[in-house]
Amino acid sequence: MPRWLPRALMLALWIITAFGVALWLFLKLQNLIMLLLISLFLALALEPAVNWLHRHRWPRGPATGAVMLVVLTSAVVFFSLLGSMLVGQVLAFVSEIPAMVRAALGWVNATFDTSYSPTTLLNEISSVSGLVEQYATGIANNVWGAGTTLLVLLFNALTIALFTFYLCADGPRFRRVICSVLPPRTQSEVLRAWEIAVAKTGGYLYSRALLALICGAAHYVVLILLDIPFAFALALWIGVLSQFIPTVGTYIGGAVPVLVALLEGVWPAVWVLLFVIVYQQFENYLLQPRITAKTLDMHPAVAFGAVLAGVAILGAPGALLALPIGASLQAFLGVYIRRYEVAEHPLLSAEQKPVAAPGDVESEATDEAPREGERPRS
C-alpha cells in the first residue's frame, strides 16, 4: 500500500466530518442566520440617513436610535390610523363576496346567454369561510399556542432591532475589525463593495417606497372618483405589489381592482383597466427614471427573477430581500466586470436590416466614404 494513501484517507475523513458539522450547525442556526441577514440589510438601508446625521455632528449611536425611532413611529402611526380602515374594508369585502358572485354570474348569464347556477360556487365559498372561521376559533381557544407564537414573533423583532442597531451604530468599528484580518489590497476592495452595498440598498429601498406611495395615491384617487368600493384596500394592494414585483406586479395587482369595478359595471372596469395601463407607462418612462436617477434601477425581468429566486431559497423573507440583494449584485457586476466596445452587427441594431444571401447578385449599398488613395466605387 502506498504511503500517501492513509494520509489521503485521513484527510478525506476530516473533510467529510467538517462538512457534516458545518451542515449541522447551519441547520441548527438557520433561524439566527436569517435574522442576521435581515438585520444586515436593514442596517444597510438605514446607514445613509445615519451617515447624514453623523456628518451634521450627531454621534452614531443617537443618530441610529433617532432614525430607527422615526421608522418605528411612522409604522405605528400608519397602522394605527390606516390599519383599522384597511381591516374594515377587507372584512367588508369578504362579507360581500357571495353577493358579488351572484352579480357576476348574473351578468355572465345575461351577456353570454348561459345558465350557470351560483349554488355550487356559493356552497364552496361558504365551506371555505366555515373552515376559516373554524380555524380562527381554534386559534382563539388555544390561548397558550397563540401567546407562544406572539412571544416568538416579538422576540424575533427585538432581535432584529438589536442587531440592526449595533450593525448600523458600530458600522465603522465592525468594518475595521473585518479589514484587520485582510491584506491591504483586499481591504480596499471590501470597503469599496461595502460602500456600493450601502448606497445602492438604501437608495433602492427609498426610491421603491416613494414609487409605491405615489402609485397607491394615484390609484386611490381614481378609484374614489369612479366610486369603486374598498378603494383604500385596493390602492394599497396595487401600490405595494407594483413595487414588490416591478412592472409585472402592476398588472397582477391591477386585476383585483378591475374585477371589483366589474361588479359596478362594465365601463368602470374599463376605465380602471385603462388607468392601470396608462399609469404603468407613465411610471416606466417618466416617473421611475427621475426618481431612480441617482440610485440603481433593475430591469423588470431581472427583478421578477430575483423575487422568484428569493422565494425559492428563503421563503417570504427571501422575497423581501431579493430586490436589494439583486440591486447590490447588479451594482457589483457593473463596477468589477470589464466591458468592451461592441462591433456593429444587424442583430445589435434596433431596426434590423435584411442580410443579403451569399448568392445574391445585388450587393448592399454603403454610405462609407472612400479611403485615401482608393478609387470611389461606381
Side-chain angles (χ1 to χ4, degrees), residues 22 25-26 29-76 154-210 291-298 306 310 313-314 317-318 320-337:
L25 288 175
F26 176 78
L29 301 177
Q30 186 175 5
N31 187 36
L32 178 60
I33 294 173
M34 181 64 63
L35 297 180
L36 286 173
L37 187 61
I38 296 175
S39 302
L40 176 61
F41 277 93
L42 288 177
L44 293 176
L46 297 178
E47 192 157 353
V50 174
N51 291 338
W52 184 86
L53 291 176
H54 185 61
R55 287 194 299 269
H56 289 75
R57 300 182 179 180
W58 279 60
R60 290 195 65 89
T64 304
V67 173
M68 294 183 65
L69 183 61
V70 168
V71 173
L72 180 61
T73 303
S74 302
V76 170
L154 182 61
F155 177 77
N156 290 338
L158 292 176
T159 302
I160 292 174
L162 183 64
F163 283 138
T164 302
F165 177 82
Y166 283 117
L167 287 174
C168 194
D170 290 340
R173 186 185 307 174
F174 179 62
R175 289 186 284 269
R176 186 177 295 275
V177 171
I178 293 178
C179 291
S180 64
V181 296
L182 299 174
R185 184 177 179 181
T186 308
Q187 292 178 14
S188 61
E189 295 298 328
V190 169
L191 293 176
R192 187 182 183 186
W194 201 294
E195 185 179 6
I196 292 174
V198 170
K200 298 305 180 181
T201 302
Y204 192 81
L205 292 179
Y206 295 153
S207 62
R208 284 296 164 185
L210 181 58
I291 293 179
T292 60
K294 296 183 179 180
T295 60
L296 181 67
D297 190 19
M298 295 179 64
I313 296 174
L314 299 176
L320 298 176
L321 299 175
L323 292 181
I325 291 177
S328 300
L329 289 178
Q330 185 173 339
F332 295 154
L333 294 177
V335 170
Y336 291 105
I337 291 182

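Being a predicted model, the structure only gives us computed values, none of them experimental.
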- So, do Asn31 and Asn156 sit near enough that their side-chain heavy atoms are less than 4.5 Å apart? yes
- Side chains of Leu72 and Met68: does their closest heavy-atom pair fall under 4.5 Å? no
- What distance do Thr64 atom OG1 and Trp58 atom CH2 have between them, rounded to the nearest 0.5 Å? 10.5 Å
- Message: Are Phe163 and Leu40 packed together at the side-chain level, in the sense that at least one heavy-atom pair is separated by less than 4.5 angstrom?
- Response: no
- Item | Where at least one partner belongs to residues 36-57, residue pairs that pass side chain to side chain donor-acceptor pair (under 3.5 Å), sequence neighbours excluded | Glu47-Arg175, Asn51-Arg60
- Message: Let me confirm one number: the CG-CG distance from Leu158 to Leu35, rounded to the nearest 0.5 Å.
- Response: 11.0 Å
- Task: Look up atom OG1 in Thr159 and atom CG in Leu154, then write down how far apart they are to the nearest 0.5 Å.
- Result: 9.0 Å
- Note on the structure: When every non-hydrogen atom of Ala49 is compared with those of Val67, the smallest separation belongs to CB-CG2, 4.0 Å
- Rounded to the nearest 0.5 Å, how far does CG of Leu162 lie from CZ of Phe155? 9.5 Å
Would you give me the side-chain donor-acceptor pairs under 3.5 Å for residues 177-191, sequence neighbours excluded?
residue	atom	partner	partner atom	Å
Ser180	OG	Val177	O	2.5
Gln187	NE2	Cys179	O	2.7
Gln187	NE2	Leu182	O	2.8
Ser188	OG	Arg185	O	2.7
Glu189	OE1	Tyr336	OH	3.4

- Query: Of the non-hydrogen atoms in Ala169 and Gly61, which two are nearest, and what is the gap between them?
  - Reply: CB-CA, 4.2 Å
- Message: Once rounded to the nearest 0.5 Å, what's the spacing between atom CG of Leu32 and atom CZ of Phe26?
- Response: 11.5 Å
